[in-house]
Amino acid sequence: MVNCSSTSCLAQNDTIPVEVGVVFDLETWLGKVWLSCIELGLSDFYGSHPNFKTRLILNIRDSKEDVVTAASQALDLIKNVQVRAILGPHKSTQAKFIIDLGQKAQVPIISFSATSPSLKISNQSTYFFQTATSDSSQVLAISSIVKAFRWRKVVPIYIDNEYGEGIIPYLVDALGEVNTEVPYRSAIPPSATDDQIKAELYKLNTMQTRVFVVHTSSDLGIRLFTIANKIGMLGQGYVWIITQDFANRLNSLNSSIIDSMEGVLGIKTFVPQSKELDSFKARWKANYFYKNIDQIGKNPTFFDAKLNVMGFWAYDSVHALALAVEKLISTSGGVINTTTLNSVTNTSGSTNLDSFNVSPIGPKLLETLSSTRFKGLAGDFILDNGQLKTPIFEIVNIVNGGKGRIGYWTQNNGLVRNLANLSVEYSTSKSSLKPILWPGEHTNSPKGYWENPTNEKRLRIGIPNSSVYREFVDVINCDANTSILSSSDVIGFSIDVFKASVRALPYALNYDFYVNRDGSYDDLIYQVYLGKYDAVVADVTIRANRSQYVYFTLPYTESGVAMVVPVKDNMTKSAWVFLKPLTWDLWVTTFCFFLFIGFVVWVLEHRINEDFRGPPSHQIGTSFWFSFSTIVFAHKERVVSNLGRFVVIVWAFVLLILTQSYAASLTSLLTVEQLEPTIKDINQILKSGERVGCLGYSFVYELLKQRGFANSQIVLLNSTQQCDHFLSIGSAKGGIAAYVDETPNTKIFLAQYCSKYTLIGPIFKTAGYGFAFRNGSPLAHDISKAILNVTEGDEMKKIENKWFMTTEQNTCLNSDPKISSNSLSLDNFWGLFLIAGVSSLSTLIIFAIMFLQKHKQIWSNSQSSIPRRIGAISKIFDQKDLNFHTFKKRSNNQFYGGYGTDFVEFSANNTNCPPSPSTSNSTGSNSPMPMGEQLGTILISSAQASPPNHDGHIVQISTTHN
């Protein structure tokens, strides 16, 4: 074990001593704490590694809290003591010159308390190691909190020196990434008096912003919060966030100071708990109080000294330096020894500052120290470009005299409640944090703005002097000399939507309305670009050319340009009105199905039903008569087959629906007033040369000219009454054929004149109405989100009903509808026809299969030609099916045959049977004829031999079977 004194650490005789400088403010308790951590760190390191060849020898210097003294002490250590590294200095303001000295002498400067990011500049401070977390690494944690609570303005309060200014560029950039503005920067001098601090706070209090990020030393920060608490700036509505240097020292502050910071948020470096850390804290406490027992009686602050993360960084820094020096000696193979370590290389110069002893091991020590890795008290010790790698930050909330952890911020996950279950997504949601108690002991998130600031520039909202449609914007209680209006002097749909959107913002927004008495809407937009107004709230259409000058919010109305045209009564008085309910394709399809169904029923009934037999003309007429009579269910013919009945049932169902639909459509045509537009397409007006109208200030005029309309065809209008008058007289009499305007305007116009006009379109595409803001304004983004909240809720419906659903308009909109009845088309019934067609074809197929199966002996007779077989099948199909029950008598031993309406009765017991036709077949063969041909021959021969009596009685022929 090595015994360390206040000036050096004695090494054993067989070890290599390495001189190391320490530059601290030893008169402060922090300097004492850090020095004790370094000494304990060396003791622990060499106690754990007694066989190491090197020993660090500490050469301690007091900087006396002065920049010049710190620099001179460092210069003395480099030139006279020839140290190989320096631990320190205490503050960022002291580090700048010392870093330059180290760079020139190639002596590493290792600081665990100088956190300003401006100190570590590439290629200019390669020998400077920032073993503390740089202030630049915490700005993303701060911006994540700001984004989570949607604060749009933040004021940084910082100490006016190297340390304070170093974070500002990084903080402003990080806030800009989340669309947050920094309207003011409050720089407080390090030597500021209480009166100066109070004056600056009063200045901040007159501004509207209520979110402050405090980046000062702990001493200045304590005074700042004490005064802010006294003047009431830690009450409801305020947000205070302190940076890591101040937050890391919170446990060292007394309770009275903590009480004055109730509700403040802090970004604190996260230190993982470990057994090594607990052991170090216990040993450090005993060692510190033992060595400073004499100081405690003189200065009570020494008694209240407590460890913070910078003490852990001091412990880890000396550990890293000792480890790097040992690696350097052990890996050099004896090249670097005591002689080498003590040798110097002089650089000549005219002054002492120009003459330096360049360290012989500087470059090698720089390389070894940069690659040193180990697990320290404060976590993993990893240097990235000479800086401690960005750690995890704790987010703390000062509550009830203590600090409570409300969450964490990590580089990969953003805001998280705990480190146990990290999400793969980066979060900036306030739900990722635990509940927060804000200043004033309030749990509701502050808006970040004061409702009534005394010195804040109010938003200037430009509005048009007048609008044809006063439902959107209307100015009341305003004389010609008034330009600034209060919120109550301006009314309308657009105004109410804007006010509702402002109420939906998470912060207060104060504004005044300014009347623009001259110029068009394009001129009003251009005034925003020139800076006369901050925004325009009116019925302004979002256009590409306008977007070059301003930034539009999301639209809050429907989009598009439509055309209003007169309507004409088209009540059908033609004698052929009965044809109009159905389109021609439906008429043709229905007629074809009548023929098809008649044919199917004839096929299925011809052999078994007397109603479908007789001369060809009689059969055709009966079939079509049956099919067409089903439309009114007036058919008298019986359908006796099950397949035929199935076809008729399906067809009757189709006709029922078709006839009912036809009747309803015809009734509508004959009874409902038919209003049809006089013009259906804007191209029709363009070709005919008729005139169209539009509002004089509207961009629609340019759209019509781009479409091809001549100036003589465009009439500029200035009121809805004028639009009505010109539309009523028509283009031929000096009026207009159509009125073209944006869809929201045309709907208001139609609400007043719904009985005379109708809407065609939209005929042009537009994005709708939106609010215009100056380019780069973060308000446009916030108002767009607020518009979504308003339009998706019930409030938008209430606003619309207020302005667009007056009593007169309700009467008009709720009157009997005057719409054109569209003819029924095949598209409406193709499913029904498909069912009827499939069912009918199926029955035909089934019938054909059954018929051919029954007479397969004819079809399968290979001795007959195909035409002869087809002819035989056709003859049999044309004959009656005597086996069907409709042709049988009640007695089971008789059956009927014959031709037409004359029947021949065959008796099974009659022996007077005609001779067998087999004896006289054409081939001379004695083979019997097929049964079907025998039956046909018998019937024909019998009819010829025994014609029916003229009185219509049946001739009976008896046959006896042997």
Side-chain angles (χ1 to χ4, degrees), residues 459-478 484-505 509 511-517 519-525 527-528 533-543 546-547 550-562 695 697-700 719-720 741-749 751 766-774 777 779-780 782-806 809:
L459 203 66
R460 296 167 298 175
I461 305 294
I463 60 172
N465 183 33
S466 62
S467 174
V468 172
Y469 294 98
R470 297 185 179 275
E471 289 86 351
F472 287 102
V473 179
D474 192 15
V475 179
I476 59 176
N477 301 326
C478 175
I484 304 178
L485 305 176
S486 66
S487 179
S488 59
D489 293 332
V490 186
I491 61 175
F493 174 76
S494 298
I495 303 300
D496 283 357
V497 172
F498 177 75
K499 292 178 179 178
S501 301
V502 170
R503 289 194 298 269
L505 293 174
L509 187 65
Y511 53 86
D512 293 313
F513 290 112
Y514 289 75
V515 180
N516 187 60
R517 300 189 181 279
S520 64
Y521 276 26
D522 286 338
D523 296 329
L524 184 58
I525 293 294
Q527 294 301 320
V528 176
Y533 305 125
D534 296 309
V536 169
V537 174
D539 48 336
V540 179
T541 303
I542 302 172
R543 299 284 294 163
R546 293 173 176 174
S547 297
V550 295
Y551 188 89
F552 282 102
T553 64
L554 292 176
Y556 59 90
T557 63
E558 294 181 71
S559 62
V561 174
L695 297 180
Y697 63 85
S698 175
F699 68 93
V700 175
S719 68
T720 56
D741 204 344
E742 296 162 88
T743 301
N745 292 346
T746 56
K747 289 193 173 182
I748 296 178
F749 180 81
T766 61
Y769 292 162
F771 304 131
F773 286 83
R774 297 178 67 177
S777 173
L779 288 175
D782 290 351
I783 293 293
S784 293
K785 286 186 176 180
I787 287 174
L788 291 178
N789 293 331
V790 173
T791 54
E792 291 175 357
D794 296 331
E795 191 166 7
M796 179 59 85
K797 295 180 181 178
K798 295 178 182 178
I799 297 174
E800 289 175 346
N801 292 338
K802 175 183 176 181
W803 293 104
F804 304 141
M805 296 293 288
T806 63
Q809 293 166 356

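Basis for what follows: all heavy atoms, side chains included, without hydrogens, waters or symmetry-related copies. Position 1 is the first residue of the sequence, and the numbers go up from there.
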Are side-chain heavy atoms of [X] and [Y] found at a separation under 4.5 Å?
X	Y	answer
V497	F771	yes
I495	V537	yes
V540	R546	yes
L505	I783	yes
D539	P744	no
N516	V536	no

How long is the gap from [atom1] on [X] to [atom2] on [Y], to the nearest 0.5 Å?
X	Y	atom1	atom2	value
I799	E795	CD1	CD	5.0 Å
F804	K747	CZ	NZ	10.0 Å
D782	T553	CG	OG1	11.5 Å
F472	I463	CZ	CD1	15.5 Å
I787	F498	CD1	CZ	9.0 Å
I748	T720	CD1	OG1	10.0 Å

*Geometric class of the Y769/Y556 ring pair [parallel <30°, tilted 30-60°, perpendicular >60°]*: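 Because their plane-to-plane angle lies in the 30° to 60° range, the rings of Y556 and Y769 count as tilted.
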
*asked:* Does F749 have more than 12 heavy atoms from other residues, nucleotides or ligands lying within 6.0 Å of its CZ?
replied: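 Yes, because the 6.0 Å sphere around CZ of F749 holds more than 12 heavy atoms from other groups.
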
*Identify, with sequence neighbours excluded, every residue that meets salt bridge (Lys or Arg N to Asp or Glu O under 4.0 Å) alongside D523.*
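Once residues adjacent in sequence are excluded, D523 has no partner under the salt bridge (Lys or Arg N to Asp or Glu O under 4.0 Å) criterion.
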
*For the rings on F513 and Y533, is their centre-to-centre separation under 6.0 Å?*
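F513 vs Y533: aromatic centres not under 6.0 Å.
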
